[in-house]
Trainee: 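Here's a structure for you.
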Amino acid sequence: METVINHHIKESDYRPTTTSPLSRGDFGSDFKWGVATAAYQIEGAVYEDGRSDCVWDVFARKKGKIRNGDHARHACDFYNKYEQDLELVKELGFEQFRFSLSWSRILPDGHGRVNQAGVDYYNRLIDKCIALDIEPWITLYHWDLPQILERAGGWKNRRIVEWFAEYAAVCANAFGDRVQHWIVLNEPMAVAGLGYTTGEHAPGNKGIHNFLPVVHHLALSQAEGGRVLRQLLPNARIGNAISCSQVIPNSQSAADIRAARRADALMNRLFIEPALGLGYPKDAFPFLSNIKRFMREGDREKLKFDFDFWGLQNYFSVVVQHSYLAPVMWLKEVPATLRNVPTTGLGWEISPSGMYEILKQFQQYKGVRELVITENGAAFKDKLKDGNVEDHGRQAYYHDYLDAVLKAKNDGVNITGYFAWTLLDNFEWAHGYSARFGLVYVDFKTQERTVKESGKWFAGFLKNQKWEPVSN
Ligand code: IFM
């Protein structure tokens with residue numbers, strides 16, 4: 001087997017690190033293959049059918065928040081084009097489709113009044129999936145909090161746990177007869193860190209004082225959402241999706257090793273451990289002890305929920321070092337672009353070995369029943385030329401990450417599914433439309449879709465053709 005070393009390369013020139021052919025059959029016949037999306041990133045139609053503003057609508061209207069002044073008022077117009085887009089999912093050969101529900105379409109006041117037009121839309125979407133023999137997987141919350149709830153404090157206000165429970169119950173009652181797989185929260189760490197601490201994401205709140213209450217209310221809500229779904233839908237399979245990355249210390253110094261443990265506590269342990277009954281990971285990051293100020297009697301129990309599966313969302317590895325200049329965390333990341341490693345268009349390290357290591361790390365938790373990769377993918381600077389997008393870098397990325405998933409599976413990790421991120425180029429949050437993650441290229445002026453080379457390769461792989469990586 002030939003081994004390719006990808007040093008000092010232009011991001012789009014990434015090539016597979018091994019030439020091992022992959023085949024779908026290697027993962028076993030029950031392994032689930034899907035593609036993941038999120039409502040706000042694709043739907044558009046923000047003013048249609050009684051939807052109210054979410055925090056991202058308001059954030060995007062502010063100057064300088066989203067690259068190039070982009071907004072998601074139209075996004076991919078998936079709200080109107082969902083039928084043809086689901087046909088593309090089918091054409092690509094995915095059998096599962098993960099999408100999120102827009103809270104402000106379903107409950108425009110955040111709680112109370114149900115907007116039937118919003119419910120009807122998701123009913124049509126689910127029914128279309130079923131008609132195409134694609135299994136719908138619902139994410140309840142993928143970052144688009146109704147603005148009306150943000151005005152009442154959003155995730156800083158403990159009442160959000162009740163509001164979220166009500167929303168979960170409305171969704172379970174509306175869609176639970178046809179949807180078996182549910183994901184409660186998507187990447188709560190991004191909400192707490194980017195949305196309420198650094199302010200890079202909506203709602204744009206800044207300040208470390210927000211971090212702990214927001215973490216605690218998200219952690220309570222993930223468990224409460226799980227309980228609501230389980231009570232109303234006893235046969236559902238309920239999961240939660242968290243971001244995770246292998247964390248590597250920059251040196252073997254005691255200070256760098258401790259810094260890596262703190263980063264690991266935040267990036268990987270913060271939301272899973274309270275649910276497993278292990279509490280917050282204060283051992284590695286003593287600052288987290290301050291969360292007790294927001295805890296009430298009985299909360300340790302309320303934080304627990306026995307999820308059927310944990311969704312892991314892995315894109316890159318990180319290297320960290322101790323820093324005196326960063327109070328609270330006392331660490332800084334060593335950017336991949338300074339480390340002579342291959343990166344994607346967003347400067348994220350391409351690290352298939354990191355995918356392997358993180359799967360092994362999560363497998364060690366006794367209370368974890370099953371793991372699913374609920375997102376993995378890469379942004380590259382794709383160009384549409386003569387009706388084609390030759391995104392060989394993305395093909396190679398998928399090849400190497402899938403190889404790593406297979407290796408982990410063969411080494412005993414109970415991983416049962418994989419979702420590519422994502423179907424369509426879309427609104428990539430603060431990056432706007434500048435970061436293209438899709439297997440399908442979108443011309444945002446015409447809304448025309450073009451399946452990229454990576455999409456065609458994935459389709460071949462899912463048809464059980466041996467998946468040879470491109471070699472040049
Ligand atoms: O686009 C996002 C998604 O919404 C959450 N996980 C990471 C993706 C890529 O940044």
Side-chain angles (χ1 to χ4, degrees), residues 11 34-44 54-57 59-60 66-67 70-72 75-76 78 97-103 137-145 183-195 198 200-203 218 222 239-245 267-268 270-271 310-318 333 336 343-351 354-355 358 372-382 391 393-394 397-398 401 418-442 444 454:
E11 38 91 2
V35 67
T37 63
Y40 195 71
Q41 294 180 272
I42 58 173
E43 283 180 2
C54 77
V55 288
W56 276 93
D57 297 307
F59 190 68
I66 313 286
R67 194 151 171 196
D70 288 345
H71 58 75
C76 309
F78 180 80
F97 180 64
R98 176 179 170 220
F99 61 98
S100 72
L101 305 174
S102 153
W103 188 337
W137 286 47
I138 283 183
T139 309
L140 283 177
Y141 184 72
H142 199 128
W143 305 355
D144 44 357
L145 186 72
I183 291 170
V184 178
L185 297 183
N186 183 81
E187 297 185 13
M189 181 55 195
V191 177
L194 304 174
T198 67
E200 291 159 82
H201 276 191
L218 284 160
Q222 71 186 10
N240 202 46
I242 52 178
S243 48
C244 55
S245 287
M267 298 180 75
N268 300 319
L270 188 59
F271 286 94
W310 279 89
L312 300 185
Q313 320 214 133
N314 175 256
Y315 290 85
F316 49 77
S317 296
V318 294
E333 197 186 329
T343 60
T344 69
L346 284 176
W348 295 358
E349 179 180 357
I350 301 178
S351 173
M355 166 68 94
I358 206 76
V372 176
I373 296 296
T374 39
E375 281 184 23
N376 170 242
F380 287 106
K381 295 194 175 70
D382 301 320
D391 56 339
R394 183 175 291 102
Y397 177 101
Y398 276 123
Y401 274 74
Y418 174 95
F419 286 72
W421 182 267
T422 181
L423 178 64
L424 304 168
D425 292 337
N426 63 34
F427 179 77
E428 175 56 26
W429 308 112
H431 296 283
Y433 299 100
S434 67
R436 293 180 176 269
F437 273 92
L439 290 166
V440 176
Y441 183 91
V442 177
F444 291 102
S454 58

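For ligands, and for the atoms within them, numbers begin at 1 and follow the listed sequence. For this chain, numbers begin at 1 and follow the sequence in order.
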Trainee: Looking only at protein heavy atoms, which one is nearest to atom 6 (N) of ligand 1, and how far off is it?
Mentor: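 For atom 6 (N) of ligand 1, the nearest protein heavy atom is E375 OE1, 2.5 Å.
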Trainee: Salt-bridge test for R394 and D382: reply yes if a basic N is under 4.0 Å from a carboxylate O, no otherwise.
Mentor: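 Salt bridge: yes.
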Trainee: Any heavy atom of W348 closer to ligand 1 than 4.0 angstrom?
Mentor: yes
Trainee: With a 4.5 Å cut-off on side-chain heavy atoms, are N426 and W421 touching?
Mentor: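 SC-SC contact between W421 and N426 confirmed.
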Trainee: Is it true that the side chains of T374 and Q313 contain a donor and an acceptor less than 3.5 Å apart?
Mentor: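 Indeed, the side chains of T374 and Q313 share at least one donor-acceptor pair under 3.5 Å.
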Trainee: Which atoms of ligand 1 are found less than 4.0 Å from any heavy atom of H142?
Mentor: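 Once the distances to H142 are compared, the set is 3 (C), 4 (O), 5 (C).
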Trainee: For atom 8 (C) of ligand 1, grab the closest protein heavy atom and report residue, atom and distance to one decimal in Å.
Mentor: Y315 OH, 3.4 Å
Trainee: Distance alone, cut at 3.5 Å: any donor-acceptor contact between the side chains of Y315 and E375?
Mentor: yes
Trainee: If I apply the N/O under 3.5 Å rule, does E187 come out as touching ligand 1?
Mentor: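 Yes, at least one N or O pair falls under 3.5 Å.
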Trainee: When you measure from the heavy atoms of H431 to every atom of ligand 1, does any distance fall below 4.0 Å?
Mentor: no
Trainee: Nearest protein heavy atom to atom 9 (C) of ligand 1, by residue and atom, and its distance?
Mentor: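 Answer for atom 9 (C) of ligand 1: E428 OE2, 3.4 Å.
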Trainee: For ligand 1, which atoms sit closer than 4.0 Å to a heavy atom of Q41?
Mentor: 1 (O), 3 (C), 4 (O)
Trainee: Among C244, S243, S245, which residue satisfies the side chain to side chain contact (heavy atoms under 4.5 Å, CB included) criterion with M267?
Mentor: S245
Trainee: Any side-chain heavy atom of V440 within less than 4.5 Å of one from D425?
Mentor: no
